[in-house]
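Residue numbering restarts at 1 for every chain, and letters A, B, ... go by the order of the sequence lines. Treat the numbers as computed from the prediction; the structure is a model and nothing was measured.
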Amino acid sequence: MLSEKTAVTQSENYWRKHLMLDPRPVREMNQMILTAMTTVNKRYWITVTTLTLFVTIGLIGAWGYQIFNGMGVAGIRRPVYWGVYITNFVFWIGISHSGTFVSAILRVFKAEFRRPITRASELMTTFALTVAGLYPLIHLGRTWRFYWMIPYPNQRQLWPNFHSPLMWDMLAIFTYLIGSTLYLYLPLIPDFAMARDRTTGWRHRIYRILALGWRGSESEWHHLKQAITIFAFAIIPVMFSVHTIVAWDFGMTMVPGWHSSIFGPYFVVGAIFSGVSAVATVLIILRKTMQLDYFLREEHFDAIGKLVLVFSFAWTYFFFADYLTEWYGGEAVGKELLTLQARGPIAPLWYIMLITNILVPWLTLWNRKIRTSPKALLVITLGVNIGMYIERYIIVAGFLTRNRLPFDWGAYTPSIVEILISIGSLSTFLLLYVLASRLIPLIPVWEVHEGQISHTLRRVGQALLPSVSELE
Amino acid sequence: MSETRDRRLLLWSGAVLTIVVIITGLALVQIEPEDETKINQTAVTLPFSHEVHTQKAEIDCLFCHSSALRAPQATLPSLNKCMICHSSITVEDDNARQNIEQLKQAYENGWRVQWPDVYRQPDFVYFSHRAHVNNGVSCQKCHGDVQNMTLVEKVVDMDMGFCLDCHQEQPEADIPRLIDCATCHK
Amino acid sequence: MSKYEHHWTMIVDLDKCTGCQACVIACQAENNIPVVGEDEIRKGRGMQWLRIERYWEGEYPNIRARFIPLMCQQCENAPCEPVCPVFATYHSEVDGINVQVYNRCIGTRYCANNCPYIARMFNWFDPQFPEPLNEQLNPDVTVRQRGIMEKCTFCIQRIRRARETAEAEGRSIRDGEVQPACGQACPTNAIIFGDLNDPNSQVSRLAANRRGFRLLEELGTEPAVIYLKGGESNVI
Amino acid sequence: MSSYELSRREFLKLSGLGATAALISGCTANLQKTVWMEPYVTPPEETLPGEDFWFASTCRMCPAGCGIVVRTSNGRARKIEGNASHPLNQGKLCARGQAGLQLLYHPDRLTQVLKRTGERGSKQWGTTSWEQIVDEIAAELANMSSERVAFLTGRLPDYQAMLVSRFMDGLGGEKPIVYDAQSVLDGYVLLQAATQAMFDDKRLPVFDIAQADVVFGFGANFLETWLSPVAYGLAYGAMRSQSGIRGTMVSFEPRMSMTAANSDRWIPVPAGYEGLVALALGKIIVDERLGHDGVADKYRALYKKADVGAIAEQSGISVEQLRKLAHLFATAHHPIAVPGGVLAGQLNGLDAIKAVTALNLIVGHTGDHGAIFLSPAPPSRDLMQFSPSSFSEMINLIERMKAGKVDVLFVLGANPVYEIPEVLGFVDGLAKVKRVISFAVIPDETTAVSDIVLPAHTYLETWGYELPNPGKQQLIVSAQQPIVRPLYDTRDPGDVLLALADKLGGQVARRLPWPNLVTFIQTRLTSLQILSGNITANDAETFWIHWLQSGGWWSQDTVWESPNPTESFLNTPLQVNEPTFDGDAEKFPLQLLPVASVAFGDGRHASLPWLQEMPDPTTTVSWDTWVEINPQTAASLDIQDSDIVKIRSPYGEIEAVAYLYPGIHPNVIAVPVGQGHTELGRWAQNRGANVWRILSPQTEPETGQLAWAATRVKVEATTKRRLLPRLESNIGVDRAREKGHLPG
C-alpha cells in the first residue's frame, strides 16, 4: 500500500513539474492571462517607443534613403550581388518555422507539453514571415516595380516567369503566411471569446469582433477542433515546402557552394533548429516579463532543450554531408570555398558558427539541469540563432565572393544602411510581438484546461502515475 | 494599472504604427521616378489643320512627313516645304490668312516654329516608321483619322498593349520576330 | 543550322588579343555605359560590359601575362534566363542571343549571381553624364536607371539597324555587315563577329578552328562566344 | 573674321545641324529625351533627322594620325570609329582615339577668351572678344623685337605646325620649339638621329612587324603608345595570324609592358642594358655567320668592340641564352628588331637604338616585307612633316626666359608646366616672361599661369591635314574636317595666327597670305591632284570634296624604301656605354622608370573620364597613380600591396600606391605617367602623382634629348594605405597562379 505521505510528496512533485497535473480553475487561469495582457508598465512603454524609433530609422529612414539613391548605398557589389538582405530573409523565414513546427507537428503527434507554448510560437511564425516578406522588397533594385512579380492580366500581355525560384518563393511565402495566420487564428477564437466576456471598453469591442460570436457550443467546439486538425496537417507540408523553396533559390543556381541537392532538407533542418531555439528564447523572456511562471515550467524548457539538441544533431549531419561533398568532390572552386571558410576572411565567423551550433549545444544540452535553467537556455538558444545567422551569411555573402574566374573574386562588408535596415526589421518583429503580447492571450487557456482535464494521476501499485485520456 | 492609462498607451502605439504605415506608403508613392513622358503642352504658335491640308488641298501624308518611308522618324516638314505652296496660294479665310502671314514671317526671319508633340515614345522604345510604312501599315492605323482633325489630338494610347494587339495579328511566321522584346525595346 | 533566324557568334582570338582596352572604350561609348568614379571602382562596381582579365603564369623572370576579354557569353543554355522572375532576360528566338530588357528589370540581381562569367553589371546608382557629355549618348541605346541590370548585348541595336536596312533593300544581312563596337575597334582583329548559320561566314570558318574552346565549357552553358587559344610557343 | 564664312556654310551642308535645343531635365532616365524633334527652317538636302551621318576625319588624340569616321545624328557627334579605307589604321582605333568625344563634350572646356585680371596664377580672369584680343596681341608684337618672342608647341598636326613655323619665320623670331612629352617617351628624336647617322636620312623607320616571323622588341611598347600603336597593333595581329606562320615575339626590357606581356617570352634586362644585349646578339650572329650567306661578314667591323661574355655578366642573361636568342633571330625568315621606348630614355639611348637597328641589317633581310623601311617622303614642300625639337632647345628656352630675354611666349599643344622635370625651373622662367599666351581646350597647368588663354577648337571642330609619321608603305595625307559646329566661342589656333598675320602685315602677312584655314589647306593639296592616288579629280573643288569624303588622300602605289647604311656607319664599331643614372646608388638604390600610359599617353588625356576609368592593361588599375615594385624588392622594403610609398629622387619626391608587380626587374620601379594634375578639369584634378616632377634633367650627349629613365630613386614605406581601384582580385589572381588554374 502506498502511504499517504509518499503519495502526497509524489503528487506534489508532479504538480510542481507538470502543468497538466497541476490544474487550477479556469477562471483563475483566465484571470492570470488577462492580468498579464493588461499590465502595462513604464518599462513596456519605453520598449515600445524605442522599438518604434528603430523601425522608423531602419525601415523608413534607411530604406527610403536606399530607394531614393540606389542600391549602391548597400555594401553589395560585383560579384556579391546578394548580401545581408537575403541573409536576413532566409534567417526570418527560418525563425518562422518555429511556430508551425512546435505547434502543428507537436499537435499532430499529441505532445502534451506543447499546450501552453503553441500560441507564442505561432505568433512568431506570423510576425517573422511578415518581416521576412519585407526583404524581397527591400532588396529589389527597383522596389517601385515589385508588382511585376504578381501575376495579373495587363495590357503588356506579360506574365511573371514561373520558372524562376523567386516566383515559387513568392507563392510559397504567401501560402504560408495565409495558412499560418489562419492556423494562429483558429485556436484563438475561444480565447478571444474568453477575453470578450471579461473585458469592457475598446478591448471588448475588438474581442467581440475577433471572437466571431463564439459561444462555446458543442458543435462550435467540434468544428473548431476539426478545422485545427486539418490545418495542423495541412500546414506541415507547406512549412517544409517554404524553406525547401528558399533553399532552392540557392540550390537551383550554378553558384559554387550553392549548387547542392542537399540544400532543401539542410535548410529545413536549419530553419527548425533556429526556429525552435527562438521559441525557447521568446518563452524565457515572456515568462520573465509577463509573470507566466505558472504556465511555463521547467518541463517545457526541458522538452525544448531536448528538441534543440536533436536538431543540432540533425543540422550537424547535414552540414557535414554538405561539407564532405564539397571537399571530396575536389572541384577547384569548391576547394576555394573551403579555404575561404577555414582560413579566409570569414574564418572567424565560421568558427563561431561551429561553436554555437555544434559545440555548445552538444556539451550542454544533454544535461537536464542546464536544459531547465532558463538563463543557461537563453544563452544557448541565442547562441544558436547567432550561429544560424552566420551560417546563412556565409552561404549568401561569403560564397559569392568566390567564383570560377579568380580574377573576379570579391569582398563584401555590410554598409551602415544594410545594418540599419536589419536592425529596423528586427525591431519590427519585436515591436509586433510586444504589441501583440498585450492584445492577444499568449497562452491558450482552453487548450491548457483541456489538457488538465484529461490528465490525472492514477495509482498503480506503489506509484502515482500520470495518465491521459483522449477527450474526443 | 488604470484602465484609462492602459487605453492611452495602446492608442499611442496605434497612432505611431499608423503614422509609420502612412509614411512608408507615401514614400513608396513618392518614388516613382519613372519615365512616363509628359506631353509638352506648349501653346501652338501656328495652328495647323490636317483636315484642310489633306482633304481640301489633297496632300498626301508622305509628302510632308517624307522620311517616314526612309527613316525611323517620320519628321515634321521644314518651313521650306510649307513655302512650296504657301508662297503662291491665297486663302479666303481671314484667320487662316493671318496664320499664313505668320508662317511667311517665320520663314523669312528664320524663326523656329515649335509644334507640340502629340505622340512620343519613351526613351527605351525603338520605333521605326520605315519598317511600318513599308510593310503596309497605314498612318491612320496608329495616328487615327488625322485627315479629319483640325488640330491633331491624341486618339490612341500608344502603349505596349496597343503595339502588341496588332503585332499578334500578323502572319504566323512573322510573329516570333514581331513579339520579340528586343525588336522594340532598346 | 540552328533554330534561330541568325545565330550570332563571336570569336575572340586570344593569340591576337593584346589587352589594349580599345574594345572596352568602344563598348562604353556605343552602349552609354556610365563612368562610376574611383570609389565605386574600388568597391568593384565598374560598369564596363567588357573587361579584359589579366592572369599571371609562372614566376619572375619566367613570367607571362595572359589576357582574356570577357563579356556576356550569350549562352545557349543561359543560367541567367530561367531565374529572372519577370522575364527581363530571355533568349531571343530571332537572334539566338540572350536579351536583357532594361525597362522590364526590377533588380533582383538573381541573374547576376547565377552568371558563371560574372558578365552582368548592375546600376547601383543613377548614371551621371554631366552636361554636355550627355550629347554624346547613343540614341539607339537607352540610358539605364538605377536598379537595373545590364550586360553586353552583342550590340543588338546594330543588328536591329542592319536587319531593317537589309529588309528595306530586300536582301538578307551580309557577313560582316553587323559588327559590334568592340570588334570594330579591335586593332589586332582579335574579335570577329558574324552569323554561325551562314556556313560561309568568317565565324563559321573560325569556329571550326582546332584552337577553339568555350569558357567554362564544362558547365554546359554553351556560350556563343568562342575563344581561340593563345599561342604556346616555347621560345628559349 | 572672314575665315568663318566658308566654314559655316560647310557646316550646314555637311553636318546637318538641326536647330536642336537641349532641354535637360533633372532625371537621368530622361537624358535622351532631350533630342527635340524640330523641323528645320531650311533643311540640308541630304539629311534625315534621326538618321546617322558619318564624317571622315583624322584623329588627333596622339600624333599618329589615324583616320577616323565620326557618327553624328541630330547635329551631335555620337561615336568615333576607325576609317576603314584609311591605310594607316584600316578601320581600327585605340581607346584614346575613341575617347576624343569626351574632349569635345568635356564639361570643363574653355568657352571664351580669357584675360588675366588678378595676380598671375590666381586664376582670376576677365573675358574679351576675339577681335579685341587679336588686336591687342598684334599691337604688342608689332612693337617688339622679334627675338624676344618664343613659340613653344607640342607635336602639332602638320597644318598647324606649318602655320606656326611660317608665323615665326615671318616674325623673324626663333624657330618654334617643339616639345612633346609623348614623343620624348617614344624616343622620336633619338630614332631620327639614329636613322640620320646610319642611313643619312631623317625619316622615321617603319618596322614591318606584320610580315615578320620573329620580332625582337627592345623597349618599344608599340602596342600601347609608341609612335603609331593602332598601325602596329594591326601589324601585330597579322603577325600572330595562325592561318599562315605564327610569328614569335621576344621582348627585352626591364619592365614587362603590355607589349612585352604579349610576347612569347619577356627577358628582363636591367635598365639601360637593352642596347648592350642587342650588341651581344649581333656579335654572336656576325661571329657565327648566322643569317644569310655572306651578309654577316659585311658587318664585322661594327662588332669589333663587343664583348659577349662581359655583356652576359652585366645583363644577367647567360651566354648560352644569348646564343639561343641569336640563333632564333638569325635563322628566321623575316626577323625584325624594334628599338624605342624605354631604352631611349637612357643616356646611352642613341647608341642602343643604333645597336638594335643594326640587328635588322646583319641578318640580311632588307627586302620588301618583314623588314625595316623608311616612311615615304612628302611629295612637295607644300606638305611638310614636322619633327619635335631636341630637349636641349627646351633647356635653352628656359635659360632665355630666366635671363629675361623672352617677352612673349606662345604655348600651343604643350603643357610644359606639367611635363618637364621641375628642377629645370620652367615656372621660374615663366615668371620673367611679360606675356604668356596659351592656346588650350581644357584649362591646364600652363594656362593657369598664363596671361591670355585662347580657347581652341578641338580637332572635331576644325579643318586640317596630317601626314602620318611614321607612315605606311603608302604616302598618306589625312584629312581633318569639322564634325560639329563649334560648341563655344573657340577658334582654331591656325586661324588665330592667320588673323594675327593679317593684322601685323609686312613679312608675317607675306608668309601667311591666306584669308582662312580652309584656303590655306586647299592650297596645300594642289600638289596631290596630279599624283596617282585614291582620288581622281580634274579640279580643285572636286578633289577637295573627295578628299573630305574619303578622309584623306593616299598614293596608289606602295613604296618600300629600304634604307642603305652609310659607309661611315659601317666602318665605325658600334659602342654602347654602360648606362649611368643620376643619383647616388647608395642613397637611391632603385632606378625609376616612368611609363607612358595606354590611357593618357603622356598625361594629356587625364581629363577624360572614360580613360580615367579604363583599367591599365597589365595592372588593371584606374583613377590613381601606382608604383610597380618587384615583390622581392617590396618584401625587402617591407612594402605591401596598396601601401602608400614615398618615391624620392635627388630632385624631389612623390607619393604613390605600391603595386607588387611580378613582371619587373628587382632594381627598377615603374610609375605611370599622366596623373598628378592640379588642373585639367574635374576628373584629372588632384589625383595621383606626377612623375615628371622628380626626373633628372640629364640629356643624351649627342642629341641633347632628355634621358627620362636615368633617375635613381629611393622608395620609402609610409604608414598610410590606400586601396587601389583595380579591376582584378589580386587574391584570386595570385591563387590562380599558385594553383595553375587559368580559365581557358
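- Residue C/Ala29 touches chain D through both its backbone and its side chain, counting heavy-atom pairs closer than 4.5 Å.
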Please walk me through it: do D/Leu723 and C/Arg42 pass side-chain contact (heavy atoms from CB on, under 4.5 Å)? CA-CA 7 Å; D/Leu723 200 65; C/Arg42 197 171 275 133; 3.7 Å; yes
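- No part of D/Arg96 comes within reach of chain C, as not one of its non-hydrogen atoms sits under 4.5 angstrom from that chain.
- For chain D, the nearby parts of C/Asn62 are the backbone and the side chain; heavy atoms of each come within less than 4.5 Å.
- Interface remark: D/Pro229 contributes no atoms to any contact with chain C (heavy atom separation under 4.5 Å).
- Proximity to chain D is limited to the backbone of C/Ile52, based on heavy atoms less than 4.5 angstrom apart.
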Where do C/Gln136 and D/Leu104 land on the side-chain contact (heavy atoms from CB on, under 4.5 Å) test, with the steps shown first? CA-CA 9 Å; C/Gln136 165 273 326; D/Leu104 174 67; over 6 Å; no
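- Proximity to chain D (any heavy atom under 4.5 Å) is restricted, for C/Ile33, to the backbone atoms N, CA, C and O.
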Check step by step if side-chain contact (heavy atoms from CB on, under 4.5 Å) holds for C/Glu38 and D/Trp683. CA-CA 10 Å; C/Glu38 180 179 358; D/Trp683 287 290; over 6 Å; no
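- C/Gln48 touches chain D through its side chain: at least one heavy atom from C-beta onward sits under 4.5 Å away, while N, CA, C and O do not.
- Looking at D/Leu93, only its backbone comes within 4.5 Å of chain C, counting heavy atoms on both sides.
- Contact annotation for C/Glu40: neither backbone nor side-chain heavy atoms come within less than 4.5 Å of a heavy atom of chain D.
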In sequence, state the C-alpha distance, the side-chain angles, and the governing distance for C/Glu30 and D/Lys79, and then conclude on side-chain contact (heavy atoms from CB on, under 4.5 Å). CA-CA 7 Å; C/Glu30 172 75 18; D/Lys79 188 160 188 298; 3.2 Å; yes
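- Proximity to chain C is limited to the side chain of D/Arg722, based on heavy atoms less than 4.5 angstrom apart.
- D/Arg726 touches chain C through its backbone: at least one of N, CA, C or O sits under 4.5 Å from a heavy atom, while the side chain does not.
- Counting heavy-atom pairs closer than 4.5 Å to chain D, the top-ranked of the candidates C/Glu217, C/Arg214, C/Glu59, C/Arg51 is C/Glu59.
- Proximity to chain C is limited to the side chain of D/Glu81, based on heavy atoms less than 4.5 angstrom apart.
- Only the backbone of D/Ile664 comes within less than 4.5 Å of a heavy atom in chain C; its side chain stays farther off.
- For C/Tyr227, no part sits under 4.5 Å from any heavy atom of chain D, backbone or side chain.
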